Amino acid sequence: PFDIEHNFKRMQMQMQPRKKKIMTANNQESHQKSASNSNVVDRPTPTLPPTTTKPSTTGTTDNGLRIGFIGCGTIAEAIATGIARQTKVPIAQINVSRRSRQKSQALLDSFPELVIIHDDTQDLVDQSPDLVFLCVLPEHVDSVLEGVKFSPDQTQQTLISIVASANLTDLAEKTSLPSRCIAKMICTPSIAQHDGVCLLHLSNPKAAAVSTKQQQQEEKKEELQRQEENPMKSTIMELFNAVGGCVECKTEDQLHTLMSSMCVMGPLYGLMQTHIQWMISKGISKEDANFLVTRQYTAIVKDSTTTTEEESPNNKSGGVEAETRIEQLIGEQTKNGINEQALSNWDRHGALQSYKNVLDSIVDRLEGTSDGAL
């Protein structure tokens, strides 16, 4: 009996590590599928990891979107980086133009299992049956698209123009794609870090035609929009929401108005630079002035993005909608204090009206009614 009991216990001890090894291997296989073929088990997920493959139901890259970028400048590199880093929408392949060589090579180095560099635009388009981003200068649009054949029979292939001044109707004619498969998207380079918001306008010819008739009912426009929606719309929205957020613009007029918020980086940087130079003229070192202004402006902007309970759209008091965060912050300025006085001085000297004039000029240029100069 002793020998039997002893041998049984020894067998249990021998089996225990074997069982543990099997479980570890299974866990490792599971982690490899969900963590982009990583060889590290139980690796903590960092913020925005440089993932090179995307999870899919099959554990391979064959089940994700195949996306192309015609032109590979700063914005294209940022969008591709943001898309490659997100994990909500599976990505199988990111095809990029070789130009610029530095940026396309940087993408390939960062995401070698996703990125393919192309010298031929037609080959790039053929290898990107889901989404193709047009990321070239306005003056190069015609030459780049000349002779390139898209796939109008593949109703899901969508051309997304990053060219702010591009006309969606013209792009539909140049590519022979259905109008509903043409879109315009505007963003800033911060999309690479999943910051900022994308503006998206999906062409919708029937809905657009109705929207010009002011007497038509809103319900009819919405019904027409549903009938003519891009079959990739839900996927596109999910993708852009995964890289920071997305606001859909029903018309190009809405897009132009909202684009004004993305055209004030220059004025903001100019204001900050003016503040820095003013401090330097008062004897502050350049290093200290730059450090203080950049950090202080960042803190101010962060404070403005904090959503409070009172700001909730569903929170109303006495039938009046709650104040926005910006309205709250302005109201919080000390009565007769320096901040309140500074804002008042800006207003009295026409600075705020000048800012509105600049916004109007931006929209005028986008709509082609002027060159934007004041």
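Values below: every heavy atom of this structure, side chains too, minus hydrogens, waters and symmetry copies. Bear in mind the structure is a predicted one, so any value in this text is a computation, not a measurement. The residues of the chain are indexed from 1 along the displayed sequence.
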For the [atom1] atom on [X], are there more than 12 heavy atoms of other groups (residues, nucleotides or ligands in this structure) within a distance under 6.0 Å?
X      : atom1 : result
Gln296 : CD    : no
Glu332 : CD    : yes
Glu139 : CD    : yes

**Item:** Pairs where residues 232-244 contributes a residue and the test side-chain hydrogen bond (donor to acceptor under 3.5 Å, both in side chains) is met, not counting sequence neighbours
**Value:** Glu229-Lys233, Lys233-Glu248
**Asked** Is there any side-chain hydrogen bond (donor to acceptor under 3.5 Å, both in side chains) pair reaching into residues 258-282, and which pairs are they, with sequence neighbours excluded?
**Response** His275-Tyr297
**Message:** Could you work out, with side-chain hydrogen bond (donor to acceptor under 3.5 Å, both in side chains) as the rule, every residue matching Gln105, not counting sequence neighbours?
**Reply:** Asp109
**Residue list, side-chain hydrogen bond (donor to acceptor under 3.5 Å, both in side chains) with Thr188, at least two apart or on another chain** = Ser190
**Asked** Which pairs, with at least one residue in residues 69-84 and sequence neighbours excluded, count as a salt bridge (Lys or Arg N to Asp or Glu O under 4.0 Å)?
**Response**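 Salt bridge (Lys or Arg N to Asp or Glu O under 4.0 Å) check on residues 69-84 returns Glu77-Lys103.
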**Request:** Sequence neighbours left out, what pairs pass salt bridge (Lys or Arg N to Asp or Glu O under 4.0 Å) with at least one residue falling in residues 116-127?
**Result:**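 Found Arg98-Asp119.
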**Prompt:** Which pairs with one or both residues in residues 158-184 pass ring pair (Phe, Tyr, Trp, His ring centres under 6.0 Å), sequence neighbours excluded?
**Reply:**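 Checked against ring pair (Phe, Tyr, Trp, His ring centres under 6.0 Å) - neighbours excluded - no pair reaches residues 158-184.
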**Message:** Strictly by ring pair (Phe, Tyr, Trp, His ring centres under 6.0 Å), give each pair with a member in residues 124-147 just once, sequence neighbours left out.
**Reply:**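 As it turns out, the ring pair (Phe, Tyr, Trp, His ring centres under 6.0 Å) pairs with a partner in residues 124-147, which skip direct neighbours, are Phe69-Phe133.
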**Asked** If you link I, L, V, M, F, W and Y whenever their side-chain heavy atoms are under 4.5 Å apart, who else ends up in the same group as Ile186?
**Response**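 Members alongside Ile186: Val197, Leu199, Val247, Leu255, Leu258, Met259, Met262, Val264, Tyr355, Val358, Leu359, Ile362, Leu366, Leu374.
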**Asked** Tracing side-chain links under 4.5 Å among I, L, V, M, F, W and Y, which residues wind up in one group with Ile116?
**Response** none
**Asked** Residues in salt bridge (Lys or Arg N to Asp or Glu O under 4.0 Å) with Asp142, at least two apart?
**Response** Lys174
**Asked** What are the two closest heavy atoms between Pro189 and Ala78, and how far apart are they?
**Response**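 Looking at all heavy atoms of both residues, the closest pair is O-CB, 3.5 Å.
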**Message:** Side chains of Asn339 and Gln341: any donor to acceptor distance under 3.5 Å?
**Reply:** no
Side-chain donor/acceptor pairs under 3.5 Å, residues 346-353, sequence neighbours excluded:
from: Arg348; atom 1: NH1; to: Ser344; atom 2: OG; distance (Å): 2.8
from: Arg348; atom 1: NH2; to: Asn345; atom 2: OD1; distance (Å): 2.5
from: Gln353; atom 1: NE2; to: Asn357; atom 2: OD1; distance (Å): 3.1

